[in-house]
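FYI, the numbering just counts along the sequence from 1. All of these numbers come straight from a predicted model, not from anything done at the bench.
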Amino acid sequence: MSNHDGSIIAARTDETQEAPAAVIVLAAGAGTRMKSRTPKILHPIGGLSMIGHALGAARGVQPRELAVVVRHERDRVAEHVTQLDTTAVLVDQDDVPGTGRAVQVALEALDARSGQLTGTVVVTYGDVPLLTPETLRELVAVHQGDGNAVTVLTALLEDPTGYGRIQRHDDGTVVAIVEHKDASPEQRAIREVNSGIYAFDAAVLRDALTRVDTANAQGEMYLTDVLAIARTAGGRVAAVVLADRWQVEGANDRVQLAALGAELNRRIVERWMLAGVSVVDPASTWIDTTVVLDEDVTLLPGTALHGRTVVARDAVVGPDTSLTDVVIGEGAHVVRTHGSGARIGAGASVGPFTYLRPGTVLGEEGKIGAFYETKNVTIGRGSKLSHLGYAGDAEIGEYTNIGCGNITANYDGVNKHRTVIGSHVRTSSNTVFVAPVSVGDGAYTGAGAVVRKDVPAGALALSVAPQRNIADWVAGKRPGTAAATAAADAGTDTGTTQTPTGTTSSTTTEESTNA
Ligand code: UD1
Ligand code: MG
């Protein structure tokens, strides 16, 4: 049923809806306006490729078959489609150009696979990323409910340039679609456009396509010609007007891709806010469609969450944080952090200025602090790596405190080796762990220790040579310098006496563990 005042018709109830025989996704076009070595439909938006979004919407109507028509960059597109959807049927379009030919080859391939299709066939595009499964379901519901031969999804645009125009009779019934390049000035004034998304009766479509020729401005087989042909043959042809024009908009160049990306993100952020997530600055917050957030999560400005990132209740993320495939536990804080492939335990804290690389697992109530880089490291409950360091290929037990500036020297120039540190360990500032090496439970290290040998539980590892002070060295070796003058003044002022051979030895009490 058509509706001209801009709102989509209320969907019929789902029980009356029959699963479509097939959805055919058109993806053979070149997409030259992207000016890219990457095929247009593989460009990402909202964390998925454009074709990924199209496949998601198509699967949403639970078709018995899903076909994707390919041609341009065939192998790359085919590989990507198969990765996303193993049961999608790939159909190669031949030399005959046009959307009509694309649908015809798909129909032939599907008929050959499973016998002649009957019922509803939905056609959609690989480059309309905001189209939702709900819209396709409503299209199918109207199509089936009204017993249409063809139902086309349309939109009213301020600037309809380039689109096919919907020609209606005075009584409102849809007569035909006229392509922009073939349209008269009067037809070009029509603002209702063809989205390129349709529901067809399979038999009508099959028959009409045999009558579609290439006698038009572009020399292509136009799928749009099927409407007039079906109508002439006595079929019911109707349009569903979609008020939400974003859903039928394709991305032809990178300007349109960015505009669609911003709108998609706006919708995703809004959905999460309505689901109980606090987003302080929606405009600077980017959330992929694949991300999952819990109630009472707070996202601070400049936060970008990608891939399979999952954030649990009461966690606070940001500001200025980019995370890909990072799982964050309840109540954790992640501040000014760049991370991927990491797990952060409940109540843990990360940042600011922290780089989490894949394989980082931080236990509950643990901490990875400022200017730390981590990779492939498991950190137990309550353990802290508070400031300035690198931990890679390591395992750290529970309630251990790693001092400031500690480094795991995991790479010998050829191979990577592991560092294993126990629980309740206290390491002093600037300890270097030369892997492979292990430190037992409750052990300590001294400041600047280079740990090359295993440290038994409870031991203190010292490797820095005892300190030696050579008295009056400056007066002897750097006479006349400001340092010498300062030293002389200090000697006078404080009355300190130093012996030329005086030495002090380092003690553990002067070594901070940077709690
Ligand atoms: C098409 C419609 C137009 C509609 C517009 C909406 C026709 C004749 N015109 O025009 O009425 O307003 O979409 O965006 O259908 N494709 C193939 N094989 C081909 C040609 C195209 O698979 O031989 C695919 C493209 O990859 C793309 C889609 O079909 O996904 C549309 O192709 P495009 O060239 O953009 O069609 P338009 O000229 O924009
Ligand atoms: Mg187009």
Side-chain angles (χ1 to χ4, degrees), residues 8 23-36 38-58 60 67-73 77 80-81 84 93 97-103 106 122-136 139 152-166 177-181 183 188 190-199 218 220 222-224 239-267 289:
I8 194 159
V23 176
I24 298 171
V25 179
L26 305 191
T32 48
R33 279 174 287 169
M34 292 300 279
K35 304 225 169 76
S36 175
T38 302
K40 171 165 95 169
I41 54 173
L42 301 195
H43 276 258
I45 168 167
L48 285 178
S49 61
M50 284 206 263
I51 186 82
H53 288 278
L55 294 172
V68 180
V69 183
V70 293
R71 180 171 167 87
H72 177 73
E73 290 266 20
V77 174
H80 180 76
V81 167
L84 292 177
Q93 190 173 349
T99 47
R101 182 58 177 172
V103 170
V122 173
V123 173
T124 177
Y125 292 168
D127 63 350
V128 284
L130 269 61
L131 179 72
T132 65
E134 292 72 34
T135 298
L136 280 187
L139 177 70
V152 56
L153 192 65
T154 68
L156 294 165
L157 298 188
E158 281 306 317
D159 177 12
T161 309
Y163 286 91
R165 309 297 207 283
I166 305 297
I177 299 176
V178 187
E179 288 306 289
H180 182 89
K181 286 181 179 151
R188 287 187 181 184
I190 298 171
R191 285 178 46 236
E192 185 180 11
V193 303
N194 171 26
S195 69
I197 298 154
Y198 322 77
Q218 301 184 82
E220 295 184 355
Y222 288 168
L223 179 60
T224 46
V240 167
V241 186
L242 190 62
D244 178 11
R245 67 175 176 90
W246 288 102
Q247 285 201 45
V248 299
E249 232 162 88
N252 293 308
D253 59 32
R254 298 189 201 227
V255 176
Q256 290 172 341
L257 183 65
L260 283 168
E263 176 59 20
L264 177 58
N265 187 62
R266 197 191 62 74
R267 292 175 183 213
T289 46

Q) Just how far is it from atom CD1 of Ile197 to atom OG1 of Thr135, taken to the nearest 0.5 Å? A) 8.5 Å
Q: Please identify each residue that fulfils side-chain contact (heavy atoms from CB on, under 4.5 Å) with Ala258, with sequence neighbours left out.
A: none
Q) Got a sec, which pairs hit salt bridge (charged side-chain N to carboxylate O under 4.0 Å, His left out) with one end in residues 41-54, sequence neighbours left out? A) none
Q.
Between Met34 and Asp127, does the side chain to side chain contact (heavy atoms under 4.5 Å, CB included) criterion hold? Intermediate values first, please.
A. CA-CA 12 Å; Met34 292 300 279; Asp127 63 350; over 6 Å; no
Q. So, for Val69 and Ala102, which heavy atoms are closest and what is the spacing to 0.1 Å?
A. CG2-O, 3.5 Å
**Q.** Side chains of Val248 and Val193 in contact at under 4.5 Å (non-hydrogen atoms)
**A.** no
**Q.** Where Ala251 and Leu260 come nearest, the two heavy atoms and their spacing
**A.** CB-CD1, 3.7 Å
Q: For Lys35 and Arg254, work out which heavy atoms get closest and say how close.
A: O-NH2, 2.9 Å
(Q) For the backbone of Gln93 and the side chain of Arg71, can you confirm whether one donor and one acceptor N or O come within less than 3.5 Å of each other? (A) yes
(Q) Do Val77 and His72 have side chains that approach each other closer than 4.5 Å (heavy atoms only, starting at C-beta)? (A) no
Q | Rounded distance (nearest 0.5 Å) linking atom CG of Leu139 with atom CG of Leu242 | A | 9.5 Å
Q) Can you list the residues that meet the side-chain contact (heavy atoms from CB on, under 4.5 Å) rule with Arg245, with sequence neighbours excluded? A) Leu157, Glu249
Q. What distance separates Ile24 CD1 from Thr99 OG1, expressed to the nearest 0.5 Å?
A. 11.5 Å
Q: Quick one: list whatever passes side-chain contact (heavy atoms from CB on, under 4.5 Å) with Thr38, sequence neighbours left out.
A: Ser36, Leu42, His43, Arg76
Q) Shortest non-hydrogen contact from Trp246 to Leu130? A) O-CB, 3.6 Å
Q | Set of side-chain contact (heavy atoms from CB on, under 4.5 Å) partners for Lys181, sequence neighbours left out | A | Ala217, Gln218
Q: State, to 0.1 Å, how close Val25 and Tyr125 come at their nearest heavy-atom pair, and which atoms those are.
A: CG1-C, 3.8 Å
Q: Report the distance from atom OH of Tyr198 to atom OG1 of Thr224, rounding to the nearest 0.5 Å.
A: 5.5 Å
(Q) Can you give me the closest heavy-atom contact between Gly56 and Pro133, atom names plus distance? (A) O-CG, 4.3 Å
Show me the donor-acceptor pairs, under 3.5 Å and distance only, between side chains in residues 45-53 and residues at least two apart or in other chains.
from: Ser49; atom 1: OG; to: Gly52; atom 2: N; distance (Å): 2.9
from: Ser49; atom 1: OG; to: His80; atom 2: NE2; distance (Å): 2.7
from: His53; atom 1: NE2; to: Ile45; atom 2: O; distance (Å): 2.6

Q. Taking it one step at a time, do Val178 and Arg188 satisfy side chain to side chain contact (heavy atoms under 4.5 Å, CB included)?
A. CA-CA 9 Å; Val178 187; Arg188 287 187 181 184; over 6 Å; no
Q | Worked check of side chain to side chain contact (heavy atoms under 4.5 Å, CB included) between Thr132 and Gln247 | A | CA-CA 7 Å; Thr132 65; Gln247 285 201 45; 3.3 Å; yes
